[in-house]
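First comes the structure, then the notes that go with it.
In listed order, ligands and their atoms are each counted from 1.
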Amino acid sequence: MARSRTTHRCTSCGSTTAQWTGRCAGCGEWGTVEVIAAEGRPVASAAAQPLSSFETEASIPSPLGIDELDRVLAGGVVPGSVTLLAGEPGIGKSTLALQAACRVASSGATVLYVAGEEAPEQVASRARRLGPVPPSLLVVTDTDVDAVAALVAETRPQIVVVDSLQSLSTSGVDGAAGALSQLRACTGALVGAAKRHAVSVLAIGHVTKDGAMAGPRVLEHVVDTVLSVEGDRSGTLRFLRALKHRFGPTSEVGLFEMASEGLVGVPDASARFLADRRAGAPGSVAVPIVDGRRSLVVELQALVTAPTAGPTRSVRSLDSGRLDLVTAVLGAHTAVAIGQQSLFASVAGGVRLQDPGADLGLAVALASSIHGAGIPPEVIVFGELGLTGEVRGVPAPVQRLHEAFRCGFRTAIVPASTPDGPTGLRLIRVDDLGTALRWFLPADATA
Ligand code: TYD
Ligand code: MG
């Protein structure tokens, strides 16, 4: 059967053309033009071929020289790829990108830093604070993406840092820099330049406080990798996660501390979180949590006091819903009475706790505070609590046990299903909250 003559139509404005284009000539949108048949029905594209007949794409990452960053990138950046570094303003994106730029340039490789938000002098003084500034680190303050692409063609850097996507624009598209149409077009242009010249682009994108990645979220499918810098800006701890990664897993987590010399990697996170712990103090419990592929031991703290005005509940770095659940289970299934007292719970060190495996630790911390009974310093606790008071298994139990043992803990109160961990770590398997508490509290407190 003869194929009908094809044409192309923009899904956004509906204008048609004979030739396919990446950008619609009618409305200026990118990636909206699709193939349709002359009579308006889609037609089959080129013949399908066996997948096995294709070569495997070589994607060898080249390290950026910052361990915690390279770990999240599964080795580094792949030539020809675009990595989006997203995060709230002020979280440390420029700092991290500039540190990476300096590291790569220190080997003599050309690195181009496109500074759309700061003058070269400002970038230079920040770079000097971070360490020596290699001569092969070039800076340009152009915000026209086409001029940037031309400069990339001319200077052939190994890495291009774009700070930020929101500062770029192209004359081919309506709207001011930062508008959605501009962000799409500029990112598309950077993707093209990266592929053409086999350079790695590290592009910074600001996200809004409410978590909705206004801007970067819509770019996720255009770029190869999306990294997110997270943390509480009032604290110094920063987490780096891969939200999307075409060249590796997204489960690695990088940890940094914002210091006067920039972002400093924290390879031994548990040691940092436990450093200030008053082991054995009532209300303090060590809990191994998992975050991606990483396990960390954190200190959970609870304080139960007589209310000064009305009873209050206050949480820091954990979800108030978890505290509500744990106190409800404590009240319904154990003799530990909270009554009208005020509750405070927090995770020391600024780690945001999302792991349900910390439930049992939270319950033990509350009971420990109410009874003024400290938990022995060499004990860790983990397990999820169910509404019937049962202690449920959690993901990656053995990984938690190993991290706890490495940090010096020798006894673990764990769900009944937990497999053996390292030799030398005694496991106390419990299947309900009451049993766990009897292990810590005086007999009359849990009767
Ligand atoms: P910055 O990298 O500019 O954030 P972003 O690019 O994400 O907007 O860093 C913001 C904060 O980090 C700023 O308030 C100052 C602080 N900072 C340090 O504490 N130490 C440093 O060495 C640098 C460069 C910045
Ligand atoms: Mg910045």
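Of the polar atoms of G90, at least one N or O is found under 3.5 Å from an N or O of ligand 1, judged by distance alone. Polar contact with ligand 1: present for T95 (N/O pair, distance under 3.5 Å). Where the criterion is an N or O separation shorter than 3.5 Å, residue side chain and backbone included, P89 fails it with respect to ligand 1.
Residue R410 places its CZ atom among more than 12 non-hydrogen atoms of other residues, nucleotides or ligands, all under 6.0 Å distant. Heavy atoms from other residues, nucleotides or ligands lying under 6.0 Å from CG of D319 number more than 12.
Using modelled atom types, one finds no donor on one side chain facing an acceptor on the other under 3.5 Å when comparing R278 with S284. E257 and T236 form a side-chain donor-acceptor contact under 3.5 Å, judged by distance and modelled atom types alone. Of the N and O atoms on the side chains of T95 and R126, at least one donor lies less than 3.5 Å from an acceptor on the other residue. Inspection of the T312 and S342 side chains reveals an N or O donor paired with an N or O acceptor under 3.5 Å.
With a cut-off of 2.8 Å, the Mg ion (ligand 2) has an N, O or S atom of S94 in range.
Remark: minimum distance from atom 20 (N) of ligand 1 to any protein heavy atom is reached at A259 O, 2.8 Å. Looking only at protein heavy atoms, the nearest one to atom 17 (N) of ligand 1 is M258 SD, 3.7 Å. Counting only heavy atoms of the protein, atom 4 (O) of ligand 1 lies nearest to G92 N, 3.1 Å. Of all protein heavy atoms, the one lying nearest to atom 3 (O) of ligand 1 is R126 NH1, 2.9 Å.
Atom 24 (C) of ligand 1 is flagged as protein-proximal [any protein heavy atom, distance under 4.0 Å]. At a distance under 4.0 Å, no protein heavy atom can be found next to atom 15 (C) of ligand 1.
Between E403 and R400, none of the side-chain N atoms (NZ, or NE/NH1/NH2) sits under 4.0 Å from a carboxylate O, so this pair counts as no salt bridge. For R406 and D268, the salt-bridge test passes: some basic side-chain N is under 4.0 Å from an acidic carboxylate O. R392 and D359 are not joined by a salt bridge, as no carboxylate oxygen comes within less than 4.0 angstrom of a charged side-chain nitrogen.
Atoms of ligand 1 lying under 4.0 Å from at least one heavy atom of S94, given by number and element, are 2 (O), 5 (P), 6 (O). If you number the atoms of ligand 1 from 1 as listed, the ones under 4.0 Å from a heavy atom of E88 come out as 7 (O). Each of the atoms 21 (C), 22 (O) of ligand 1 lies under 4.0 Å from some heavy atom of S260. Taking every non-hydrogen atom of G262 and a distance limit under 4.0 Å, the qualifying atoms of ligand 1 come out as 21 (C), 22 (O).
Cation-pi contact between R313 and F344: absent, since separation from the ring centre below 6.0 Å together with deviation from the ring axis within 45° is not met.
Using a 4.0 angstrom heavy-atom cutoff, A97 does not count as in contact with ligand 1.
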